[in-house]
Amino acid sequence: MVSINQRLDAETLVLVAEEFGYKVEFVTAELSEEIEQQEPDREEDLVERPPVITVMGHVDHGKTSLLDNIRNTNVIAGEAGGITQHIGAYSVKLENGRRITFLDTPGHEAFTAMRARGAQMTDLAIIIVAADDAVMPQTKEAIAHAQAAGVPMVFAINKIDKPGANPDTIRRQLSEMNILVEDWGGKYQCQEISAKKGLNVDKLLEKVLFETDLLELKANPNKMGSGAVIESSLDKGRGYLATVLVQDGTVHVGDVIISGAYYGRVKAMYNERGQKVESAGPSTPVSLLGLNGAPAAGEKFNIMADEKEAKSIAQRREQLIRIQGIKTQKHLTLEEIGRRIAIGNFKELNIIVKGDVDGSVEALSDSLIKLSTEEVRVNVIHKAVGAISESDVLLAEASDAVIIGFQVRPSAEARRAAEKEGIEIRLYSVIYDCINEVKEGIEGMLEPEKKEEVTATAEVKQTFKISKVGTIAGCLVKEGKLTSKADVRLIRDGIVVYTGSLSSLQRGKDQAKEVPSGMECGCGLDRYNDIHPGDVIEAFQIVEIKRSL
Ligand code: GDP
């Protein structure tokens with residue numbers, strides 16, 4: 001039984017409507033779709049466009065140095081002088097006359113945040129790894145994000161000028177992730193470089209162009225422009241300033257532009273050097289003035305012929321966005337997948353696995369992949385050691401994935417983001433439980449009878465060693481209510497180090513039954529003394545939850 005206030009998902013709507021002999025037509029707040037498609041391009045109108053490249057990698061592996069080197073050695077837009085403005089993207093012209101557009105996003109989180117909004121801006125990702133270091137967690141994340149986006153990768157092994165550099169170690173570590181570089185007989189191009197000394201950067205760019213040439217990137221500059229927003233801001237004197245990447249067609253000053261729920265006439269456009277330009281063609285980044293708001297990064301934009309129409313679409317979208325906000329977010333959950341199978345179509349279950357040690361992450365991922373059946377394929381799109389981060393949640397959102405944490409916890413930001421986006425995070429302490437639940441989910445019979453609910457969190461401020469008693473932790477209760485009977489976990493840097501119960505709970509000198517948030521207390525853990533300041537005590541209870549769809 002469904003109540004009158006409940007929203008149905010698309011598939012159910014279709015089924016119900018069909019019962020009554022109606023057809024369902026879906027409208028969408030998805031932006032470009034309601035805008036009338038321009039005529040399909042004729043082959044002869046298409047011209048080659050420059051590739052759009054993003055550089056990603058672990059912090060300090062040389063991303064900034066590489067971009068700076070490329071910017072300084074390659075004359076920009078055919079004129080002398082460096083780039084003075086930071087606009088999040090710029091176009092460089094190589095010695096051979098070819099152009100490349102670089103997107104300078106703050107990291108792979110931003111890359112995926114944009115993708116989550118539907119914009120696929122990047123044609124190719126350069127993954128930079130320092131040869132005096134190793135393939136690091138963020139390197140793996142960057143690779144996972146690029147792979148999830150289906151973007152080809154070229155590897156830059158950086159800092160080869162350093163005495164401790166060992167590029168082969170990097171190649172080996174990549175091969176362990178099933179990424180075989182070309183010189184090892186694989187399909188991924190790879191170039192040893194020194195970003196600082198500018199060594200081999202030209203060769204790297206050659207390889208990049210070789211890869212992007214295979215993509216045969218083309219666009220039609222003789223139509224109304226469209227593309228995506230890279231960043232936007234409110235400039236005090238000038239109004240809303242949006243940096244956009246034109247992906248197809250051409251944008252001219254004076255055009256009517258719409259992006260998300262905002263629209264306006266392009267008043268002025270500037271290139272990466274802050275110079276005014278009159279028009280911008282495919283793969284060109286520009287900052288433009290004239291929108292009546294700041295669209296989000298990754299939002300698509302279109303040029304329209306008629307200002308009135310743009311206005312009415314913008315208003316409709318605003319309304320849709322508002323309705324969407326009210327509607328509960330719904331992403332694929334284990335229950336959902338079971339239900340969909342009941343309806344009878346093939347599904348993929350994307351999973352992100354985070355764990356406390358590499359061994360269990362690997363073991364769990366392998367076991368989960370083996371659960372794939374004819375109707376359901378299980379994809380582990382990302383696996384890593386460490387706490388569940390906001391970036392994991394973004395990746396889950398973009399790829400419609402479930403996050404599984406084994407003996408790890410989400411950070412506060414990650415938990416908030418997951419709640420907001422409706423991303424399912426499942427936490428386990430026993431591999432077997434996890435495999436079983438996913439299996440049941442796949443078999444369409446998951447009954448989430450019992451779920452864990454966190455009832456309180458407390459931060460350890462100080463510890464006291466008391467003879468015959470053990471370590472007492474002086475804590476501040478941050479959330480919820482800590483009760484003396486609660487089951488608890490001790491969490492250090494996002495990793496569960498102890499699970500058990502409280503041996504004592506005191507407020508001041510007195511025993512306490514419960515301590516509310518904001519209050520300080522002292523507590524001991526049952527048969528466990530290795531407590532450090534900064535640890536978090538998490539109290540939880542097992543609650544029964546009815547199956548819901
Ligand atoms: P990012 O965090 O990835 O943007 O890394 P940066 O470009 O800021 O580089 C981090 C540090 O590594 C800086 O101190 C750079 O000078 C240094 N670095 C970057 N590339 C090279 C290189 O090719 N060789 C050497 N020796 N140092 C480099």
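Counting convention: from 1, in listed order, for ligands and their atoms alike.
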Note down each nitrogen or oxygen pair, ligand 1 side and protein side, whose separation is under 3.5 Å; give only atom names and the distance to 0.1 Å.
from, atom 1, to, atom 2, distance (Å)
ligand 1, 2 (O), Asp60, N, 2.7
ligand 1, 3 (O), Asp60, N, 3.4
ligand 1, 3 (O), His61, N, 3.4
ligand 1, 3 (O), Gly62, N, 3.0
ligand 1, 3 (O), Lys63, N, 2.8
ligand 1, 4 (O), Thr64, N, 2.8
ligand 1, 4 (O), Thr64, OG1, 2.3
ligand 1, 5 (O), Gly62, N, 3.1
ligand 1, 7 (O), Thr64, N, 3.3
ligand 1, 7 (O), Ser65, N, 2.7
ligand 1, 7 (O), Ser65, OG, 2.5
ligand 1, 12 (O), Lys159, NZ, 2.9
ligand 1, 20 (N), Asn158, ND2, 3.1
ligand 1, 23 (O), Asn158, OD1, 3.0
ligand 1, 23 (O), Lys159, N, 3.4
ligand 1, 23 (O), Asp161, OD1, 3.4
ligand 1, 23 (O), Ser194, OG, 3.0
ligand 1, 23 (O), Ala195, N, 2.9
ligand 1, 23 (O), Lys196, N, 3.3
ligand 1, 24 (N), Asp161, OD1, 2.7
ligand 1, 24 (N), Asp161, OD2, 3.3
ligand 1, 26 (N), Asp161, OD2, 2.9

Validate the cation-pi geometry between Arg71 and Phe102: distance from NZ or CZ to the six-membered ring centre under 6.0 Å, angle to the ring axis within 45°.
no
Could you tell me whether Lys196 and Asp161 make a salt bridge, using a distance below 4.0 angstrom between a side-chain N and a carboxylate O?
no
Decide salt bridge (charged side-chain N to carboxylate O under 4.0 Å, His left out) for Glu176 and Arg172; before the verdict, give the C-alpha distance in whole Å, the side-chain angles of both, and the deciding distance to 0.1 Å.
CA-CA 6 Å; Glu176 284 163 5; Arg172 199 196 70 235; 3.2 Å; yes
Enumerate the ring-ring contact (aromatic ring centres under 6.0 Å, His included) contacts for residues 183-209, please, sequence neighbours excluded, ordered by first and then second residue.
Phe155-Tyr188
Output yes when Arg98 and Glu48 qualify as a salt bridge under the 4.0 Å nitrogen-oxygen rule, no when they do not.
yes
Distance to the ring centre below 6.0 angstrom and angle to the axis at most 45 degrees; does that hold for Arg238 and Tyr270?
yes
